[in-house]
Participant: 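The structure that follows is given in the form of structure tokens.
Quick note on labels: first sequence line is chain A, next is B, and so on, each numbered from 1.
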There are 2 protein chains.
Amino acid sequence: MANDSSYKDKKVITIGIVRDLTGLSERQIRYYEERKLIFPERSSGGSRKYSFADVELLVEIANKIEDGVQTHEIRKEMLRAQKKQNQNDVTRKMIQGQLNAQFGLRKGPSS
Amino acid sequence: MANDSSYKDKKVITIGIVRDLTGLSERQIRYYEERKLIFPERSSGGSRKYSFADVELLVEIANKIEDGVQTHEIRKEMLRAQKKQNQNDVTRKMIQGQLNAQFGLRKGPSS
DNA sequence: CGTGTAAGGAATTCTGACACG
DNA sequence: CGTGTAAGGAATTCTGACACG
């Protein structure tokens with residue numbers, strides 16, 4: 001396994017707690033979602049659920065906005081970073097595939 | 001620093017999400033608190049807030065109850081484990097203190 | 001003992017909109 | 001553009017109690 005799916009990325013924090021954790025207003029938090037900067041999940045009843053990673057991202061977003069960066073710019077930055085990450089993933093997988101093809105490899109734990 | 005205070009122990013999960021995460025009923029979750037097995041924090045408005053560690057503990061508690069162990073027994077087990085842990089901590093600190101007294105030690109980062 | 005449930009109230013969250021600028 | 005706010009409604013949570021066993 002790569003990284004434990006662990007706690008950081010589980011969406012379990014409601015907006016009120018995110019407010020307390022970040023110091024942002026609920027209005028701000030919802031607005032950043034509207035601008036496609038953050039993507040909470042929803043409970044069955046419709047309440048937003050955030051992860052710790054989301055909480056940290058929200059703080060970064062708020063800092064940039066304080067610095068005068070517009071949400072649209074922030075979004076473009078994020079998309080670029082995302083794209084770069086995806087490309088890295090693809091590259092890594094491709095190289096791994098080549099290695100497997102050349103040398104063969106165990107799939108499960110060596111039994 | 002010892003261990004990052006990290007995500008596992010931060011009390012940020014409301015009872016409804018704990019219910020979804022554990023499969024337990026809210027009644028059960030509150031009852032285990034009444035029996036002193038679990039200690040959520042409270043939001044300013046009075047809502048319970050749990051950590052991931054709490055969620056895992058709740059599952060363990062529920063398993064023991066399913067096995068016929070009574071809450072009072074579970075509590076005693078937990079207190080014993082707690083006591084042992086405290087003793088380990090004290091011992092470790094005492095030894096560390098002796099080492100410091102004997103050999104002296106830097107307090108901050110070596111500047 | 002451990003859990004379900006109905007009861008009434010309070011706190012939480014949601015959406016769409018108006019406001020300022 | 002980013003944020004505050006009042007509005008009305010729905011979902012969430014809380015406590016104390018009765019019930020079963």
Participant: Measure CD1/A:I29 against C1'/C:dT15 and give the value in whole Å, please.
Facilitator: 16 Å

Participant: Grab the CZ-C1' distance between B:R19 and D:dT13 for me, whole Å please.
Facilitator: 10 Å

Participant: Does the side chain of A:Y32 come within less than 4.5 Å of A:I74's, by heavy atoms?
Facilitator: no

Participant: Hey, does B:E33 have a side-chain heavy atom less than 4.5 Å from the side chain of B:I29?
Facilitator: no

Participant: Output one line per pair: protein atom, nucleotide atom from nucleotides 3-5 of chain D, and distance, for all N/O pairs under 3.5 Å.
Facilitator:
unit_1 : atom_1 : unit_2 : atom_2 : d
D:dT3  : OP1    : A:Q28  : NE2    : 3.0
D:dT3  : OP1    : A:Y32  : OH     : 3.1
D:dT3  : OP2    : A:Y32  : OH     : 2.9
D:dT3  : O4     : A:R27  : NH2    : 2.9
D:dG4  : OP2    : A:S25  : OG     : 2.6
D:dG4  : N7     : A:R27  : NE     : 3.1
D:dG4  : O6     : A:R27  : NH2    : 3.1
D:dT5  : O4     : A:R27  : NE     : 3.3

Participant: State, with a plain yes or no, whether a side-chain heavy atom of A:Y7 is found less than 4.5 Å away from one of A:V12.
Facilitator: no

Participant: Side-chain heavy atoms nearer than 4.5 Å, only ILVMFWY residues, links allowed to pass through others: does that put B:V59 and B:I65 together?
Facilitator: no

Participant: Could you give the CG-to-P distance, from A:N63 to D:dG2, as a whole number of Å?
Facilitator: 15 Å

Participant: Considering only heavy atoms from C-beta outward, does the side chain of A:K93 approach that of A:V90 to under 4.5 Å?
Facilitator: no

Participant: Would you kindly compare A:R35 and A:T14 by the position of their nearest DNA chain D nucleotide and give the one closer to the 5′ end?
Facilitator: A:R35

Participant: Identify which nucleotide among D:dC14, C:dC14, C:dG2 has an atom closest to any side-chain atom of A:R30, counting heavy atoms from C-beta outward.
Facilitator: C:dC14

Participant: Using a 4.0 Å cut-off on heavy atoms, which residues in residues 73-81 of chain A reach DNA chain C? List them by number, or say none.
Facilitator: none

Participant: Considering only heavy atoms, which members of residues 37-50 of chain B lie under 4.0 Å from some atom of DNA chain D?
Facilitator: B:R42, B:G46, B:S47, B:R48

Participant: Given Watson-Crick or G-U pairs with both distances under 3.5 Å, what dot-bracket string fits DNA chain C, with | for other-strand pairs and [ ] for crossing?
Facilitator: .||||.||.|.|.||.||||.

Participant: Can you list the steps and then say if B:E73 with B:K76 is a salt bridge (Lys or Arg N to Asp or Glu O under 4.0 Å)?
Facilitator: CA-CA 5 Å; B:E73 276 311 312; B:K76 282 195 285 188; 3.2 Å; yes

Participant: Decide yes or no on side chain to side chain donor-acceptor pair (under 3.5 Å) for A:D54 and A:S51, but give the supporting numbers first.
Facilitator: CA-CA 5 Å; A:D54 289 334; A:S51 66; 3.2 Å; yes

Participant: Just jot down the side chain to side chain contact (heavy atoms under 4.5 Å, CB included) partners of A:Q70, sequence neighbours excluded, or say none.
Facilitator: none

Participant: With side chains defined as the heavy atoms from C-beta onward, is the minimum distance between A:E66 and A:N63 less than 4.5 Å?
Facilitator: yes

Participant: Does the side chain of B:R80 reach to within under 4.5 Å of the side chain of B:K83, using non-hydrogen atoms?
Facilitator: no

Participant: Heavy atoms only: give me the nearest B:V18-B:I13 pair and the separation to one decimal.
Facilitator: CG2-CG2, 3.8 Å

Participant: Where do B:D67 and B:K64 land on the salt bridge (Lys or Arg N to Asp or Glu O under 4.0 Å) test, with the steps shown first?
Facilitator: CA-CA 5 Å; B:D67 293 348; B:K64 286 181 185 171; over 6 Å; no

Participant: Rounded to the nearest angstrom, tell me the gap between atom CD1 in B:I15 and atom C1' in D:dT15.
Facilitator: 12 Å

Participant: Check the distance between C:dT13's P and A:E33's CD and give it to me in whole angstrom.
Facilitator: 14 Å

Participant: Could you identify which residues of residues 51-62 of chain B place a heavy atom less than 4.0 Å from some atom of DNA chain D, listed by residue number, or say none?
Facilitator: none

Participant: Do the side chain of A:R75 and the main chain of A:R35 share a donor and acceptor less than 3.5 angstrom apart?
Facilitator: no

Participant: Do the side chains of B:R30 and B:I15 get nearer than 4.5 Å, heavy atoms only?
Facilitator: yes

Participant: Sub-3.5 Å donor-acceptor pair from the side chain of B:K11 to the main-chain atoms of B:F39, do we have one?
Facilitator: yes

Participant: Can you find a heavy atom in the side chain of A:R48 that is under 4.5 Å from one in the side chain of A:R42?
Facilitator: yes

